[in-house]
Each structure stands twice: as structure tokens, then as C-alpha cells.
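All heavy atoms count here, side chains included; hydrogens, waters and symmetry mates do not. Quick note: residue numbers are just sequence positions, from 1.
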Amino acid sequence: MQLSGNALCFVQELGNVGLEQRCDGVEATYTGGEVVRIRENLDFTRLAEMISAISGELDKGGYAAVVTLAPTDGRAAVDAVKATQVDVVVTSFDFFPPMAEDLRTGAIAFTIDQRAYLQGYTPVQLLAELLRDGTKPEQAQPVMTGPFLIDATNIDTVEAEFKAIDERSRARFSP
């Protein structure tokens, strides 16, 4: 999909180098126009302020895309797009289950999930299995933890994975 117009990259935490690097990546690869950064020091509990900040920028016009850098911000961008009634593509980074319907319907075109839950969960799971019953991971294959693109074509699989991980975790680590 080739977009024509500026892309809005919403940095919700001032001074967070990782978020700035994500916008740098967008800037290095986006060819449809300029990448405009909004920098606001907002946390996920201030959803109305996120929606307002994104809406205010979208009202200026000229945007083809909104890129948010956290899953809650992706949902805020969807609300901002609805409020302003502009035709833009919303994308995000990371995933949490409340985003699933927005991905399924295309309100969020895609999210790039670094799969932090696997990066943290998998080593703990492997260590617990080794300590509990001596089970060692297979050495022949790498342990895949991301990044991973999630969109309408694979959201059902991702939701099933999340559910299975949650169930395994509860079964193994619950008292």
C-alpha cells in the first residue's frame, strides 16, 4: 500500500530513546511524505489527552497515516480518527488483547509486536522446566520471540497463542 501524505508519529514518553528510535525507523522508510512527531509526556491512564493530542494534529490536515508506539496509543488513535473523521491509516507497535477487534476490522492496519511477553516468559518457562523436571530446550531450533507483524490475516492465531500461553502459565505457576 503506497500512501501519499504526512505520517504522524506519536511519542508518548519524553526522553524515551526506544520510542524515538521507532519514529526514526518510520522516518527512514516512509516515502509518502514527511514524518511529523508529536511529543507528549502521557501515560496510558490519560487516554482522553492522547485522543485530544492526536485529534488536534489530524485536524490540521495533510496526514495519510498515524503511527503510535504503544498498544494503548493505537486504540487512542482509532478514537481520534473517528472523532475527526479523517481518512488515515492507523498503525502501532506492540500488542495487547483489547486491540484485537481494531486489528480484525482494519481500524488498526497492523501492529509490529516485539513479543515482549515471549522475551520475558520463555526464559522463565525454560528455566522452571529445567529446575522442576530436568527438561532442556531443543538445541536444534532457535527460540523465536519476534518481531512479528499482526494484522487482520493472523489476529485469530495471535489471540489463540495468547490464550494458550496464559493457560499454560496459570497451570504451571499457580499454587
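Note that CG of Leu69 is 11.5 Å distant from CD of Gln21, once rounded to the nearest 0.5 Å. Once rounded to the nearest 0.5 Å, the distance linking CD1 of Ile38 with CZ of Phe10 reads 6.0 Å. Taken from CE in Met50 to OG1 in Thr68, the straight-line distance is 9.5 Å, to the nearest 0.5 Å. With rounding to the nearest 0.5 angstrom, the CD1 atom of Ile155 is 5.0 Å from the CG atom of Leu103. Distance CZ/Arg39 to CD/Gln12: 12.0 Å, rounded to 0.5 Å. Atom OG1 of Thr72 is separated from atom CZ of Arg75 by 9.5 Å, given to the nearest 0.5 angstrom.
In this view, Arg104 and Glu101, Asp156, Glu159 satisfy the salt bridge (charged side-chain N to carboxylate O under 4.0 Å, His left out) rule, not counting sequence neighbours. In terms of the salt bridge (charged side-chain N to carboxylate O under 4.0 Å, His left out) criterion, Arg132 has no residue partners (sequence neighbours excluded). Taking the side chain to side chain donor-acceptor pair (under 3.5 Å) definition, one finds that Asp59 meets it with nothing, sequence neighbours left out. A search for side chain to side chain donor-acceptor pair (under 3.5 Å) contacts involving Thr111 returns nothing, not counting sequence neighbours. Applying the side-chain contact (heavy atoms from CB on, under 4.5 Å) criterion to Asp133, with sequence neighbours excluded, gives Glu129, Thr135. For Thr157, there are no side chain to side chain donor-acceptor pair (under 3.5 Å) partners two or more places apart in sequence or in a different chain. For Thr153, the side chain to side chain donor-acceptor pair (under 3.5 Å) criterion is met by Asp151, not counting sequence neighbours. Partners of Lys136 under the salt bridge (charged side-chain N to carboxylate O under 4.0 Å, His left out) rule, at least two apart in sequence or in another chain, do not exist in this structure. Considering only residues two or more places apart in sequence or on other chains, Asp24 meets the salt bridge (charged side-chain N to carboxylate O under 4.0 Å, His left out) condition with Arg37.
The salt bridge (charged side-chain N to carboxylate O under 4.0 Å, His left out) analysis of residues 2-12, with sequence neighbours excluded, yields no pairs.
The main-chain N or O of Ala70 is never found under 3.5 Å from a side-chain atom of Asp94 such that the two would form a donor-acceptor pair.
Connectivity analysis of hydrophobic side chains (ILVMFWY, heavy atoms under 4.5 Å, direct or indirect) links Leu131 to Leu127.
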For the pair Leu8 and Ile54, evaluate side chain to side chain contact (heavy atoms under 4.5 Å, CB included) and give the outcome as yes or no after the intermediate values. CA-CA 8 Å; Leu8 177 62; Ile54 295 169; 4.2 Å; yes

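Here the side chains of Val67 and Tyr30 are not in contact, with every heavy-atom distance at 4.5 Å or above. Looking at heavy atoms from C-beta onward, Phe93 lies out of side-chain contact with Asp73 at the 4.5 angstrom threshold.
Considering every non-hydrogen atom in both Val11 and Glu20, the closest pair reads CG1-OE2, 3.8 Å. Smallest separation of non-hydrogen atoms from Ala65 and Val88: N-CB, 4.1 Å. Here the closest heavy-atom approach between residue Asp113 and residue Phe95 is recorded as OD1-N, 3.5 Å.
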Please tabulate, for the side chains in residues 76-86, all donor-acceptor contacts under 3.5 angstrom to protein atoms that are two or more places apart in sequence or on a different chain.
residue	atom	partner	partner atom	Å
Thr84	OG1	Ala80	O	2.9
Thr84	OG1	Val81	O	3.4

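A salt bridge between Glu57 and Lys60 is present, with a side-chain N of the basic residue lying under 4.0 Å from a carboxylate O of the acidic one.
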